[in-house]
Enquirer: 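This is the structure, below, for whatever I ask next.
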Amino acid sequence: MSPLLDGLNQEQLEAVTHGQGPLLVIAGAGSGKTRVLTRRIAYLIEEESIHPSQILAITFTNKAAAEMKVRVADLIGPEAKGMWVSTFHSACVRILRSHGDALGYGKNFAIYDSDDSEKLISLVIGSLGLDSKRFPARSLAGQISNAKSELVSPAKLADRASHIMERRVAEVYRIYEERLKAANAMDFDDLIVNTYLLFDEHPAVLDYYQRRFVHLLVDEYQDTNVAQNGLVMALGDKNRNVFVVGDSDQSVYGFRGADMRNILEFSKNFDDAKVIKLEQNYRSTQNILKVANAIIAQNSNRLEKNLWSDQGDGDKVKMFVGSDQDEEANFVATTIHKENAQGTRFGDMAVFYRINSNSRSIEEALIRRAIPYRVVGGTRFYDRKEIRDVVSYLRLLVNPNDEMSLRRVCNTPKRGVGDASVLRVFEFSQSQSLPAFEAFRRASEAGVSGRALTGIASFINLIDDLTKLVADQTPPMAIIEQFLEKSGYREELSASGQVDDLARLDNITELIGVASEHQSLEEFLDSVALVAQADQIQDDNVVTLMTVHTAKGLEFDLVFLTAFEDGIFPHSRSLYDESELEEERRLCYVAVTRARKKLFVTRASKRFVFGSESASVPSRFIDEFPPSLIEDVSQPKSYDELRSRYFDRSRSNDSDRNSTSSGISPTQLAKFSQRQSNPGPRLEPSQVKVGIKVVHGSWGEGFVEEVSGSGSSMTAVIRFRGLGAKKVMISHAPLKLA
DNA sequence: CGTTTACGTTTTTTT
DNA sequence: AACGTAAACG
């Protein structure tokens with residue numbers, strides 16, 4: 001027997017060796033679906049003589065795609081490189097870059113993220129004279145996105161509208177689409193929708209891809225939306241070799257249009273589809289699984305299945321209630337510390353929360369205990385102002401009519417181009433049907449004069465100069481360098497001398513580092529546009545903090561599920577809608593099933609929400625945990641524990657920070673965690689000696705005054721100029737030799 | 001045109 | 001509490 005099939009159970013084997021035709025794999029949490037997918041691909045190539053280029057595999061994140069490629073290559077060798085393994089969005093970009101012109105888009109179209117599209121929608125709302133209170137951009141962006149993900153065009157939405165408000169939404173949608181097209185830009189949803197339309201309207205293109213992709217494999221099928229499902233159906237229509245894997249119990253993206261029906265009705269779309277259920281869990285202890293099963297059993301809208309494991313019972317789920325969020329966070333940090341002392345790697349522990357804002361108190365507690373961690377998600381690196389500025393410039397060099405980028409940077413750095421002038425230029429562009437950049441060139445005709453006109457002229461010169469570099473195929477990293485010099489952007493930041501601005505320069509340096517890994521500007525920009533939060537996860541032995549959504553697909557020995565309170569988890573917006581509550585419950589199921597060995601569920605009796613303190617009620621889901629599988633660990637059990645709590649508190653209060661009560665300032669926190677997420681060349685613990693001069697990424701130069709501990713837990717007291725002495729963890733802090 | 005100030009809004013979750 | 005936008009001032 002081929003080694004490809006070693007160690008597979010009966011169902012896994014059946015899935016991997018499935019012949020032709022559609023197959024639905026219902027894969028419970030931890031049932032080895034990644035394994036099945038990779039083996040399946042390898043099997044197709046090795047045993048069924050399918051060429052790698054004939055395979056299209058869709059994963060949920062770019063990181064998962066990269067990993068899958070590596071795993072398949074491990075099995076069958078480097079020829080796996082020719083496969084398309086990517087997310088829906090990446091695959092669509094690839095298709096649209098080569099065939100999107102058939103839809104009237106240039107090949108150099110820009111990709112708008114949700115920020116860009118919300119701002120553009122906001123402009124449209126303004127241009128229609130609508131009241132931004134009654135028509136919030138955010139809400140409209142959501143409605144438009146939902147329409148798109150269900151393949152509803154502006155015209156259809158207008159037809160369907162029964163109320164004046166809805167007609168307005170449809171109108172905004174229509175004009176938004178026009179503006180996108182004029183800017184030669186697509187938003188995230190367009191990438192999917194336009195690929196769908198491309199196939200729908202151009203049978204020859206569809207035919208080409210149908211012939212090319214003999215086998216389709218799609219992971220996380222429960223999280224596909226109508227448009228994505230339509231794409232799969234279209235592509236798979238010819239060969240019908242559609243292999244989808246999913247678990248409707250883990251569908252947690254309903255809010256962005258994901259539709260469980262795609263998986264529930266797969267067998268209707270393909271009436272000859274074979275269905276295989278994977279129910280043996282290889283990940284968690286029995287107790288954890290029993291809890292998970294009990295929770296998800298409360299949902300009515302689901303396919304029955306029962307996960308089982310032949311592993312031992314393991315620990316009970318430990319519950320902790322703190323008096324407030326700090327006590328809760330302290331418990332988490334203390335427990336992590338203890339578990340680490342007993343041999344669990346930091347990298348095998350994770351802290352989950354329902355909403356990003358809950359990371360704050362946890363971070364503070366971890367910093368106090370000098371525990372290395374990384375926050376995944378939250379404010380993304382690519383959402384930082386300086387990064388967006390640079391990226392906008394780069395986008396303009398590829399597509400000068402990218403309206404949102406033009407608006408963002410035509411006065412960055414300051415050139416005296418104010419709102420009024422920008423408005424004139426864009427009105428001129430629209431009234432004369434001129435491409436946006438052309439309107440900038442003819443700004444004087446648009447009625448711009450004086451300082452603003454000079455500013456625009458120098459802006460255009462800058463873009464023209466930089467565009468020449470692109471034409472000469474200058475590497476992206478060199479283009480950024482040139483931009484920083486010629487535009488005066490670097491000078492503006494370094495001249496200000498503000499700590500924040502220096503941190504921004506660091507971020508840009510980091511962006512240059514990422515850019516250096518890319519050959520062409522276009523390719524670099526595509527990768528920037530499509531990074532997922534989960535793509536930032538890397539294995540370097542630190543505790544991972546993230547939302548439950550981001551944690552989907554991951555696993556850890558030890559998991560903390562925090563802020564488990566009604567209104568937070570389940571979220572207050574879903575309390576009164578049964579189907580939304582079911583989605584929250586699935587989310588809870590996802591959280592619980594991430595844990596291999598130990599699960600801690602924590603909450604606080606009161607917590608700060610919107611800056612004021614409010615009482616918290618335990619999550620209603622707690623009642624669904626089988627009582628016999630819960631252990632309450634709230635009461636401090638030993639003198640040691642009491643003492644360590646006291647110790648933590650007092651230390652947090654008498655720190656030498658000159659800031660106010662609440663400990664760590666948000667900007668410090670941001671810098672700290674951002675540093676975590678992007679490790680650069682660091683100072684080795686062994687290099688640190690009392691008396692040496694070092695440079696800290698955010699705090700500048702300082703002298704080492706004291707050193708204690710060793711290896712990864714080594715700490716030093718460093719005196720920074722103007723800031724006093726700080727205690728830092730060497731392996732954790734952004735330190736370099738001065 | 002740009003900076004400062006006041007007020008209102010925010011927190012679901014993300015490609 | 002923190003951030004962004006709208007209004008007021010220089």
Enquirer: Under 4.0 Å between any heavy atoms, over every strand shown, what does A/S357 touch: base, sugar-phosphate, or nothing? Just pick one.
Expert: base
Enquirer: Tell me whether the side-chain N/O atoms of A/S572 come closer than 4.0 Å to OP1 or OP2 in B/dT11.
Expert: no
Enquirer: Applying the salt bridge (charged side-chain N to carboxylate O under 4.0 Å, His left out) criterion to A/R395, which one of A/D113, A/D402, A/D389 satisfies it?
Expert: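 Exactly one pass, corresponding to A/D402.
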Enquirer: With a cut-off of less than 4.0 Å, is there a side-chain N or O of A/R573 near OP1 or OP2 of B/dT10?
Expert: no
Enquirer: Quick one: label A/N356 by what it contacts on the DNA or RNA (base, sugar-phosphate, nothing), any heavy atom closer than 4.0 Å.
Expert: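 Sugar-phosphate contact only - A/N356 comes under 4.0 Å of backbone atoms but never of a base.
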Enquirer: Tell me: OH of A/Y112 to C1' of B/dT15, nearest whole Å?
Expert: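 So the two atoms are 18 Å apart, to the nearest Å.
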Enquirer: Want to settle it: does A/F255 or A/F610 sit nearer the 5' end of DNA chain B, counting the closest nucleotide to each?
Expert: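 Per heavy-atom nearest nucleotide, the more 5' residue is A/F610.
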Enquirer: Taking ring-ring contact (aromatic ring centres under 6.0 Å, His included) as the test, write out the residues that go with A/F255, two or more places apart.
Expert: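 For A/F255, the residues satisfying ring-ring contact (aromatic ring centres under 6.0 Å, His included) (neighbours in sequence not counted) are A/Y253, A/H549.
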Enquirer: Among A/V548, A/T602, A/L545, which residue meets the side-chain contact (heavy atoms from CB on, under 4.5 Å) test with A/Y353?
Expert: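 Answer after filtering A/V548, A/T602, A/L545: A/L545.
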Enquirer: May I have the distance from A/D383 (atom CG) to B/dT14 (atom C1'), rounded to whole angstrom?
Expert: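 Going from CG in A/D383 over to C1' in B/dT14 covers 11 Å.
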Enquirer: Whole angstroms only, please: what is the CG-C1' distance between A/N146 and B/dT14?
Expert: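 Between C1' of B/dT14 and CG of A/N146: 13 Å.
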Enquirer: Can you check the A/D131 CG to C/dT5 P distance for me, whole Å?
Expert: 17 Å
Enquirer: How many whole angstroms separate atom NZ of A/K63 from atom P of B/dT15?
Expert: 13 Å
Enquirer: Below 3.5 Å is the cut-off: list the nitrogen or oxygen pairs between protein and nucleotides 1-8 of chain B, distance only.
Expert:
| from | atom 1 | to | atom 2 | distance (Å) |
| --- | --- | --- | --- | --- |
| B/dC1 | OP1 | A/G418 | N | 2.8 |
| B/dC1 | OP1 | A/S421 | OG | 2.9 |
| B/dC1 | O4' | A/R451 | NH2 | 3.2 |
| B/dG2 | OP1 | A/G416 | N | 3.0 |

Enquirer: Of all residues at least two apart in sequence or in a different chain, which pass the side chain to side chain donor-acceptor pair (under 3.5 Å) check with A/R261?
Expert: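 So A/R261 forms a side chain to side chain donor-acceptor pair (under 3.5 Å) with A/D259.
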Enquirer: Just jot down the ring-ring contact (aromatic ring centres under 6.0 Å, His included) partners of A/H518, sequence neighbours excluded, or say none.
Expert: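 In terms of ring-ring contact (aromatic ring centres under 6.0 Å, His included), with neighbours along the sequence ignored, A/H518 is linked to A/F524.
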Enquirer: Would you give me the side-chain donor-acceptor pairs under 3.5 Å for residues 134-147 of chain A, sequence neighbours excluded?
Expert:
| from | atom 1 | to | atom 2 | distance (Å) |
| --- | --- | --- | --- | --- |
| A/S139 | OG | A/Q143 | NE2 | 3.1 |
| A/S145 | OG | A/D189 | OD2 | 2.9 |

Enquirer: Just checking A/T550: base, sugar-phosphate only, or nothing, at a heavy-atom cut-off of under 4.0 Å?
Expert: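 Touches sugar-phosphate only.
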Enquirer: Base, sugar-phosphate, or nothing for A/Y253, non-hydrogen atoms under 4.0 angstrom?
Expert: sugar-phosphate
Enquirer: Please name all residues satisfying side chain to side chain donor-acceptor pair (under 3.5 Å) with A/S90, sequence neighbours left out, ordered by chain then number.
Expert: A/N62, A/T87
Enquirer: Measure CG/A/L231 against P/B/dT15 and give the value in whole Å, please.
Expert: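 The distance from CG of A/L231 to P of B/dT15 comes to 19 Å, rounded to the nearest Å.
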Enquirer: Nearest to the side chain of A/T87, which nucleotide is it out of B/dT14, B/dT15, B/dT11?
Expert: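 Nearest nucleotide to the side chain: B/dT15.
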Enquirer: Applying side chain to side chain donor-acceptor pair (under 3.5 Å), name anything that partners A/Y196, two or more places apart in sequence or on another chain.
Expert: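 For A/Y196 there are no side chain to side chain donor-acceptor pair (under 3.5 Å) partners, ignoring immediate neighbours.
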Enquirer: Using the test ring-ring contact (aromatic ring centres under 6.0 Å, His included), find all partners of A/Y589 that sit at least two apart in sequence or belong to another chain.
Expert: none
Enquirer: Would you classify A/R138 as touching base, sugar-phosphate or nothing, given that sugar-phosphate means primed atoms plus P, OP1 and OP2, and contacts are heavy atoms under 4.0 Å?
Expert: sugar-phosphate
Enquirer: Measure the distance from CE on A/M546 to C1' on B/dT15 and round it to the nearest whole Å.
Expert: 17 Å
Enquirer: Quick check: are there more than 12 heavy atoms from other residues, nucleotides or ligands sitting under 6.0 Å from CD of A/E517?
Expert: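 More than 12 heavy atoms, drawn from other residues, nucleotides or ligands, come within 6.0 Å of this atom.
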Enquirer: For DNA chain B, list all stems, counting runs of three or more consecutive pairs where every pair is Watson-Crick or G-U wobble with both distances under 3.5 Å.
Expert: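 If one scans DNA chain B for consecutive Watson-Crick or G-U pairs, the stems found are B:1-10 with C:1-10.
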Enquirer: Check the distance between C/dT5's P and A/D115's CG and give it to me in whole angstrom.
Expert: 10 Å
